[in-house]
Enquirer: 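First, the structure itself, so that you have it in front of you.
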Amino acid sequence: MEHKTISKAVISRLPRYYRYLGELLEDGVERISSNDLSLRMKVTASQIRQDLNNFGGFGQQGYGYNVKYLYTEIAKILGIDRQHNVIIIGAGNLGQAIANYANFEKRGFIIRGMFDVNPQLIGQVVRGVKIMNLNELEGFLKEHDVQIAALTIPKTEAPAVADRLVKAGIKAIWNFAHTDLVVPEDVVVENVHLSESLMRLSYRVCSMQDEEEKEKAKKES
Ligand code: NAI
């Protein structure tokens, strides 16, 4: 599969397709037309056809999409048909919440270890995952084949820890620290910022309220 030819916008929509297709499978649906999928997902059928045509077209004219096949192919494209070993740096509230979320494993993301600098946390076990001293990081990475590191530490600490991770061979960082990391080209960073998402929601709800106020003022005048 040629990953580089697929636009970022399409890739960013694939997890949503994957989720809906998973639900269809659970409901025992074997085939679905782009129109029916469009109604469920509230995106246009033409968008769905365009997106899925990027991969050679999974649909057969007149028959709709084979749900199982499409689900499996999207999993391959997203690389979730294989296992990814993950470590978490920062075993505080957020790090432990991620470790406690069992569903990541179902998607093939296996948490192999957590690291922290707080002596009170080191040695504790969260859902079977041991919290180790950050000093042990490089040694651990030499012995374990880890692909992804989640960074759930303060932003002031994140750049130095990211450097260490890169030097130790980590190629993918799931960054929750509120800072933009500078990494070599062969390292990928996915930033997750819940507060940015919340700000976008705030903008939308405020816009809606403003519109309502305007409508109200119009009616009253
Ligand atoms: P927390 O204070 O509960 O946990 C942070 C942990 O990092 C602590 O256990 C601390 O000992 C550890 N730590 C500090 N320096 C370290 C280092 N150099 N190496 C390893 N561990 C280190 O904080 P919480 O609530 O878990 O948040 C963690 C970070 O994630 C904060 O920077 C926070 O701003 C950020 N955050 C980001 C969110 C997002 O959506 N991106 C949402 C919530 C928090």
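Read the numbers this way: they start at 1 and go in the same order the structure lists the ligands and their atoms. FYI, the numbering just counts along the sequence from 1. Please read these numbers as outputs of a predicted model, since none were measured by experiment.
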Enquirer: What part of H193, side chain from CB on, backbone N/CA/C/O, both or neither, has a heavy atom under 4.0 Å from ligand 1?
Expert: both
Enquirer: Quick one: look at P154 and ligand 1, take heavy-atom pairs under 4.0 Å, and tell me if it's side chain, backbone, both or neither.
Expert: both
Enquirer: Show the atoms of ligand 1 that are less than 4.0 angstrom away from any heavy atom in V161.
Expert: 18 (N)
Enquirer: Got a donor-acceptor contact below 3.5 angstrom from the Q124 side chain to the I131 backbone?
Expert: no
Enquirer: What protein heavy atom sits nearest atom 28 (C) of ligand 1, and how far off is it?
Expert: T152 O, 3.5 Å
Enquirer: Please determine if R13 and D51 form a salt bridge, counting it only when a charged side-chain N lies under 4.0 Å from a carboxylate O.
Expert: yes
Enquirer: Could you list which atoms of ligand 1 come closer than 4.0 Å to a heavy atom of L94?
Expert: 24 (P), 26 (O), 30 (O), 36 (N), 37 (C), 38 (C), 42 (C), 43 (C), 44 (C)
Enquirer: Under a 4.0 Å N-O cut-off, is there an ion pair linking K68 with E30?
Expert: no
Enquirer: Give the residue, atom name and distance (to 0.1 Å) of the protein heavy atom nearest atom 8 (C) of ligand 1.
Expert: D116 OD2, 3.5 Å
Enquirer: Taking all non-hydrogen atoms of both residues, which atom of A168 and which atom of E138 are closest, and how far apart?
Expert: CB-CG, 4.4 Å
Enquirer: Between Y65 and S34, which heavy-atom pair has the shortest distance, and what is it?
Expert: CE1-CB, 3.8 Å
Enquirer: Assess whether a salt bridge exists between K216 and E213, defined as any Lys/Arg side-chain N lying under 4.0 Å from an Asp/Glu carboxylate O.
Expert: no
Enquirer: Measure centre to centre between the rings of Y71 and Y17, then say whether the value is under 6.0 Å.
Expert: no
Enquirer: If you have a sec, work out which protein heavy atom is nearest atom 22 (C) of ligand 1 and how many Å separate them, to one decimal?
Expert: I153 CG2, 3.3 Å
Enquirer: Show which atoms of ligand 1 fall inside a sub-4.0 Å distance from at least one heavy-atom site of L121.
Expert: 9 (O)
Enquirer: Side chains of N85 and R112: is there a donor and an acceptor less than 3.5 Å apart?
Expert: yes
Enquirer: Starting from atom 35 (C) of ligand 1, locate the nearest protein heavy atom and write down its residue, its atom name and how far away it is, to 0.1 Å.
Expert: F176 O, 3.7 Å
Enquirer: Between E143 (side chain) and G139 (backbone), is there a donor-acceptor pair under 3.5 Å?
Expert: no
Enquirer: Compute the centroid of each ring, for W174 and then for F104, and state whether the two points are separated by less than 6.0 Å.
Expert: yes
Enquirer: Would atom 30 (O) of ligand 1 count as contacted, meaning some protein heavy atom under 4.0 Å?
Expert: yes
Enquirer: Looking at N118, which atoms of ligand 1 are within less than 4.0 Å of one of its heavy atoms?
Expert: 11 (O)
Enquirer: Please list the nearest protein heavy atom to atom 33 (C) of ligand 1 with its residue and the distance rounded to 0.1 Å.
Expert: H178 CD2, 4.3 Å
Enquirer: What protein heavy atom lies closest to atom 18 (N) of ligand 1? Include the residue and the distance to one decimal.
Expert: E157 OE1, 3.0 Å
Enquirer: Do R127 and E105 sit within salt-bridge range, that is, some charged N less than 4.0 Å from a carboxylate O?
Expert: yes
Enquirer: Identify the protein heavy atom lying closest to atom 40 (O) of ligand 1, giving its residue, its atom name and the separation to 0.1 Å.
Expert: L194 N, 2.6 Å
Enquirer: Can you find a protein heavy atom closer to atom 3 (O) of ligand 1 than 4.0 Å?
Expert: yes
Enquirer: Just jot down the ligand 1 atoms closer than 4.0 angstrom to any heavy atom of V192, in number order.
Expert: 39 (C), 40 (O), 41 (N)
Enquirer: Which protein heavy atom lies closest to atom 16 (C) of ligand 1, and at what distance to 0.1 Å?
Expert: V117 CG2, 3.6 Å
Enquirer: Just jot down the ligand 1 atoms closer than 4.0 angstrom to any heavy atom of I89, in number order.
Expert: 20 (C)
